[in-house]
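For reference, the structure discussed in these notes is given below.
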Amino acid sequence: MEQHSPSVRAQAVALMNQGIPNRVVAARLNISRGTVGWWRSEDRKARGVVHEQPTDCPRCAAPATATRTTSP
């Protein structure tokens, strides 16, 4: 497991706080999107920010639908 330096994490958090998406932050700093997502989550927790999923996006707010499977 690779561990990133505190300066890389600080750069990532600074970019995230500017509103830059995880995929762009990851590409700029050459780190995984999962790591960036984890850091974003931890930063929100540290600041006491509660993240709520957007409700104005049809994909994000769509209720789960059952999938149909067919038997052979």
Side-chain angles (χ1 to χ4, degrees):
M1 177 196 236
E2 181 181 347
Q3 187 165 351
H4 302 285
S5 71
S7 66
V8 171
R9 184 175 181 156
Q11 289 174 350
V13 170
L15 291 170
M16 290 183 278
N17 288 336
Q18 293 174 24
I20 298 176
N22 291 3
R23 64 180 172 74
V24 176
V25 173
R28 284 189 189 176
L29 300 177
N30 197 28
I31 56 179
S32 75
R33 285 174 43 189
T35 297
V36 174
W38 173 256
W39 288 346
R40 185 183 296 272
S41 173
E42 291 297 302
D43 180 60
R44 284 182 179 141
K45 285 181 195 174
R47 292 184 290 126
V49 175
V50 177
H51 176 69
E52 295 182 22
Q53 290 291 347
T55 57
D56 59 346
C57 173
R59 286 181 55 199
C60 299
T65 58
T67 56
R68 265 175 84 179
T69 58
T70 56
S71 299

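If you're wondering where the values come from, they're calculated on a predicted model, not measured in any experiment.
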Fill in the blank from the handout: Separation between CD (Q11) and OG (S7), nearest 0.5 Å, reads 5.5 Å

Practice task
Look up atom CZ in R44 and atom CE in M16, then write down how far apart they are to the nearest 0.5 Å.
Solution key: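 Result: 9.0 Å between the selected atoms.
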
Handout entry: side-chain contact (heavy atoms from CB on, under 4.5 Å) assessment of D43 paired with N17
Key = CA-CA 9 Å; D43 180 60; N17 288 336; 3.4 Å; yes

Exercise for the section: Answer yes or no: does atom CZ of R33 have more than 12 heavy-atom neighbours from other residues, nucleotides or ligands under 6.0 Å? Expected result: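 Not more than 12 within 6.0 Å, no.
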
Problem - V36: which of V24, N22, L29 passes side chain to side chain contact (heavy atoms under 4.5 Å, CB included) - result: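 That would be N22.
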
Exercise for the section: Might you point out which heavy atoms bring W39 and I31 nearest each other, and give the distance in Å? Expected result: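 Closest pair (atom of W39, atom of I31, distance): CZ3-CD1, 3.5 Å.
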
Handout entry: Smallest separation among heavy atoms of I20 and R28, with atom names
Key =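 Closest heavy-atom pair between I20 and R28: CD1-NH1, 3.4 Å.
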
